[in-house]
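Below: one structure, written as structure tokens.
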Amino acid sequence: MAAAPDARADLTLGVLGPTVVRHDGRAVAAGGPAPRTLLCRLIIAGGRFVSIDALVDCLWPHEPPPSARITAQGYLSVLRRALEPGRRPRQPGRVLVRDGAGYALRLGLAALDADRFAAAVTRGRDLLAGGDARSALARFDEALALWRGPAYADCADHVFALAESQRLQELRTGAAEHRLAALIESGAHETAAAQLRAFLAEHPLRERGWALLARALYRAGRQGDALAALREARNRLMDELGVEPGPELAGLHHDILDQALTPAPRAEAAGGPGNLPHSISALVGRARERQVVSEMLSRHRLVTLTGAGGMGKTRLALAVAGARRDADGPWFVELAGLHEPAALAGRLCAALRITGTGGLDTLIAALRTRTMLIVLDNCEHLADAVGALVSALLSACPNVRVLTTGRQSLRVDGEHLFEVPPLSGGVDGEAVTLFVARAAAVLSGWSPGPDERRVIARLCAALDGMPLAIEFAAAQCRVLSPRQILERLDDRFALLAGERTSSRHTTLLGLMDSWYDLLNGAERESLQALAVFEGGFGLSAARAVTGRGDTLADLTSLVEKSLVTVATVVDGDDRRYVMLETIRQYALRRTPAGRREVLGSRHTAWVGELADVAGDELRGPGSARWMRRLHIESDNVRAALRRASAAGDTAAVLRIGGGLYWFWYRQGRAGDGRHYLELALRRADPRLHGHAPLARAAMGLALLRYVSGALDQVAEALAMAARHGGATEDLGVRAQVLATIAYFEAGGGTVAVAMRHAGEALALARSVGHRATAAEALMCLGEAQRRCGPASLAKATLAAALHEADRCGHGWATVSVLWLMSKIELSLDRPVPAAVLVRRMLEEAHRSADTTGWLVSVAMYAHLMARAGRAEDAVELRATVRSLGDRAGYQAEAMDAELAGYLAEIPPGSPPGRFAAAEARGRDRSVEQTMAWLRSDPPFGDSSFGDSSFGDQPRALGAGVISPGVTVPDARAGRTPRAVGHR
């Protein structure tokens, strides 16, 4: 805010929290909520005059009372007394000034805490860039200490304050990041790492925060933890946004692997007595795991490494033990060949070179005063006996520690578990490094190129990052290329059958047989049933497929034995479970053919039930949650469709596709269902499958063909939907069909027919209470009116559509209606109100996980940036839309001629290359980075967040059905309808 030269120097204002007015540091009353709201509105104006009408609007945005202007002036008088307590009557104001245009604030330098905050952050950044990290840290602490709560807390829900409060919040978050960077540069690496964990818990998608965490961990000598943090960042970005990390994180990953940053501490060589075997080949990776397990052993006396067979538990245990410097150890005891629990103590005595009777008493007597670590390897088949012996040993020998390995825990007091994870993925991950090292041993110096490393990364991922399986696969490189191995993994147990004489795991199949033999009958049945899932499952899904009342007990047992992993948390506190692909394929291999068919049918039925619920939920207030859930279940959906289609179960394909096409449509994922719907609709018989399922499936096919760019085939699917929709007795389905047809007709310019169909759809939807369909019908009616009639009529209809969509929580309709409204404003040369609408469209699409709607919103923002004279920003946003659209398989401008025209108005750059840097920045932007930018920097400044002209109450529309007839464009004529909305 610009300073006034004659403003009061003793006056300060605070908006970084509840609004506060201070004179000489003492808070004074500024009146009630209304005067404080007016004060915030004037502060945000930044010294510009605000008309009395605008001030009235911010107090009463909908229906101001008749005395609104007088009441507002009264509040301004209250505010003036707070700001200028010594002012005499009729004396001109020095802080709150007035002229014929309205009111404005004249504040002194640094009078506003938000300005002082921004100045301190700028100074801190300069100091940090100049290498003075400690002074920078002080400035950032000074800046962040000014915050007392959310910015503009008294009016955070007012439209005029949204942009500024979000801008300040973004600055606050950025300042916190800068402060943590200064803390790292000051040398407080562990402190910074701890604080960054808390920061990322609140802001999990900020890539710079993850980069800082990795840097802090690395400089603290925790290279493994640093790489783990980068893996976690990548998983978060892929799971929640579907995007790869940006160049900063990718470059940091390479730097850490190459030791290009401050060197990490080198481990000291181990010494002392013991019997640890020496590995012939080097351990690859596992730096983080070694450090974590070492720290666990320093705090606890019994640690168990669990995990699936072949995951490298023994190698990790040996590496941890070999790095210790216990006075009397470490010692290694192999239990794989021991099958008699009574001989367990004797085995330990023999391995530890203890003479005597070989019983537990002899063992305790020999170790009572010793300081050592004992590694007990492969305990799962003797878990109860090992647990009893270890408990007795640790109780009697205070300086003995035990590290055990097995596929399940010992379940005794004092035991702490560490589940050994797969090797890290990616072309530069541990799995690829291991594969290359082992393959080079049989290919004499082989070094793969970038393309081959990408194939190896896919191969290692398909092998679950399991070290044993990767080593078996690498051994096949003498005969097959990595690509050939990858293509043959459907029968991995035959492919990876090469024997090794230097390991107890002579074949991968032999390893699987050994642990399968340890399962009881119920566990085997449950494992076979759960193997039908692809990509994981929840508890309710497991119950549906196993058909067992004690599913939880069996699942718990399988988790305990490391055959099923608790992978993620979704939908609040619900757990999700995953089976490694190698274990899953083995379980399917052991499932009799007849039972496999039964289990597959149950799985398909469960997916069908999921689709039944999703069909309605995706058009309601729970849409965002269901979009996330269906994204997680996509592998299971594809598996069910593939199975049902192969078995000729047309009814199941129609059921699943008819319920989930809306998800595929909004995500731009036409490939997930289009092929199966086309095949099922060719096979379908209305007498067997019913007209309603066929109508839903045909609607879905039309939309999926449209979003995939097969525009010449849309009309054929619409004709099919019309035929079955007209024949069904389900009025809700009939209404949806009519609305879908009107959707394309309105966009294609056949407005009269579109209005008739939309009117019919509206009447039918209201007759059966389908509010989401009513919102879509109103939207299509409004679009048809936009194309042929006065703007006022279309605006009224679209306002009604928006009202209906908001009331029923139909996010897609809300986004689409807002888009059409913004087009009207642009046609009237009113870009500022259009920006208001696009802003809400952007937020709604982001909230509801609507990928295609969000891309259209950003494309509209690019056009608005160009209209605001910000060509470089427009170019940058256009590049973001195209880059993220390529990743999603959807290009917004190809689906809508008007949007293509908007983007075409953005200057290409002259001379060539003028905007190359902007395009490069845009291509690298993530979804969250784009959201943060657009929230803090709207195209038209503060004015773009005022009220739009669509705020009127909607009038009643569409009261009656015009005609039962249905017509669509003739598919044989090749005419392609153009859709309304953001597809």
Tell me if a side-chain donor or acceptor on [X] pairs with a main-chain N or O of [Y] at a distance below 3.5 Å.
{"X": "Asp554", "Y": "Glu523", "answer": "no"}
{"X": "Asn636", "Y": "Glu534", "answer": "yes"}
{"X": "Lys313", "Y": "Glu419", "answer": "no"}
{"X": "Gln408", "Y": "Glu560", "answer": "no"}
{"X": "His416", "Y": "Gly414", "answer": "yes"}
{"X": "Arg286", "Y": "Leu316", "answer": "no"}
{"X": "Thr591", "Y": "Ala587", "answer": "yes"}
{"X": "Glu633", "Y": "Arg629", "answer": "no"}
{"X": "Arg234", "Y": "Glu244", "answer": "no"}
{"X": "Asn275", "Y": "Phe332", "answer": "yes"}

Side-chain heavy atoms of [X] within contact of [Y], under 4.5 Å:
{"X": "Leu434", "Y": "Glu430", "answer": "no"}
{"X": "Arg589", "Y": "Leu509", "answer": "yes"}
{"X": "Phe533", "Y": "Asp635", "answer": "no"}
{"X": "Thr582", "Y": "Met512", "answer": "yes"}
{"X": "Leu196", "Y": "Ile184", "answer": "yes"}
{"X": "Thr546", "Y": "Leu555", "answer": "no"}
{"X": "Pro330", "Y": "Leu276", "answer": "yes"}
{"X": "Leu518", "Y": "Lys561", "answer": "no"}

From [X] [atom1] over to [Y] [atom2], what is the distance, rounded to the nearest 0.5 angstrom?
{"X": "Leu344", "Y": "Leu389", "atom1": "CG", "atom2": "CG", "answer": "5.0 Å"}
{"X": "Ile364", "Y": "Leu394", "atom1": "CD1", "atom2": "CG", "answer": "10.0 Å"}
{"X": "Cys477", "Y": "Arg438", "atom1": "SG", "atom2": "CZ", "answer": "13.0 Å"}
{"X": "Arg453", "Y": "Arg458", "atom1": "CZ", "atom2": "CZ", "answer": "15.5 Å"}
{"X": "Glu581", "Y": "Asp464", "atom1": "CD", "atom2": "CG", "answer": "6.5 Å"}
{"X": "Leu393", "Y": "Arg368", "atom1": "CG", "atom2": "CZ", "answer": "10.0 Å"}

Worksheet item: Using 30° and 60° as the class limits, which term best fits the ring planes of His178 and Phe140: parallel, tilted or perpendicular?
Response: parallel
Worksheet item: Do the rings of Tyr586 and Tyr516 sit parallel, tilted or perpendicular, given the 30° and 60° boundaries?
Response: perpendicular
Worksheet entry | Sole residue of Leu410, Leu403, Val386 in side-chain contact (heavy atoms from CB on, under 4.5 Å) with Leu376 |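 One option only clears the test, and that one is Val386.
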Practice prompt. Could you check Leu563, Leu527, Thr565 and say which one makes a side-chain contact (heavy atoms from CB on, under 4.5 Å) with Met579?
Written response: Leu527
Looking at [X] and [Y], what are the two nearest heavy atoms and their distance?
{"X": "Ala193", "Y": "Leu213", "result": "O-CD1, 3.6 Å"}
{"X": "Ala439", "Y": "Ala474", "result": "N-CB, 3.7 Å"}
{"X": "Leu580", "Y": "Ala308", "result": "CD1-CB, 3.7 Å"}
{"X": "Cys379", "Y": "Leu335", "result": "SG-CD1, 3.8 Å"}
{"X": "Leu417", "Y": "Ser409", "result": "CD2-CB, 3.4 Å"}
{"X": "Arg576", "Y": "Gly538", "result": "NH1-N, 4.1 Å"}

Fill in: From CA spacing to verdict: side chain to side chain contact (heavy atoms under 4.5 Å, CB included), Arg575, Leu539
CA-CA 8 Å; Arg575 294 296 192 268; Leu539 181 58; over 6 Å; no
Worksheet item: Stepwise, does the salt bridge (charged side-chain N to carboxylate O under 4.0 Å, His left out) test hold for Glu207 with Arg236?
Response: CA-CA 10 Å; Glu207 293 191 39; Arg236 284 292 190 101; over 6 Å; no
When you check the gap from the basic side-chain N to the acidic O, do [X] and [Y] get nearer than 4.0 Å?
{"X": "Arg315", "Y": "Glu289", "value": "no"}
{"X": "Arg219", "Y": "Glu185", "value": "yes"}
{"X": "Asp513", "Y": "Arg590", "value": "yes"}

Worksheet item: Taking it one step at a time, do Val320 and Leu297 satisfy side chain to side chain contact (heavy atoms under 4.5 Å, CB included)?
Response: CA-CA 9 Å; Val320 170; Leu297 276 174; 3.8 Å; yes
Discussion item. Can you list everything that forms a side-chain contact (heavy atoms from CB on, under 4.5 Å) with Arg288? Sequence neighbours excluded, please.
Written reply: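 Partners of Arg288 under the side-chain contact (heavy atoms from CB on, under 4.5 Å) test: Asp225, Ala228, Arg231, Val292, Phe418.
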Worksheet entry | Residues Glu232, Arg197; criterion salt bridge (charged side-chain N to carboxylate O under 4.0 Å, His left out); working and verdict | CA-CA 12 Å; Glu232 184 178 354; Arg197 284 291 184 191; 3.2 Å; yes
Worksheet entry | Neighbour count above 12 (heavy atom, 6.0 Å) for Asp413 CG |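 Atom CG in Asp413 is not crowded, with 12 or fewer foreign heavy atoms closer than 6.0 Å.
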Worksheet item: Taking atom types as modelled and ignoring hydrogens, do the side chains of Thr404 and Thr304 form a donor-acceptor contact shorter than 3.5 angstrom?
Response: yes
Fill in: Val390 vs Ile374, side chain to side chain contact (heavy atoms under 4.5 Å, CB included): CA-CA, chis, key distance, verdict
CA-CA 10 Å; Val390 168; Ile374 302 174; over 6 Å; no
Item to complete: I would like to know whether Leu423 and Cys460 meet side chain to side chain contact (heavy atoms under 4.5 Å, CB included); could you show each step before the answer?
Response: CA-CA 9 Å; Leu423 294 173; Cys460 292; over 6 Å; no
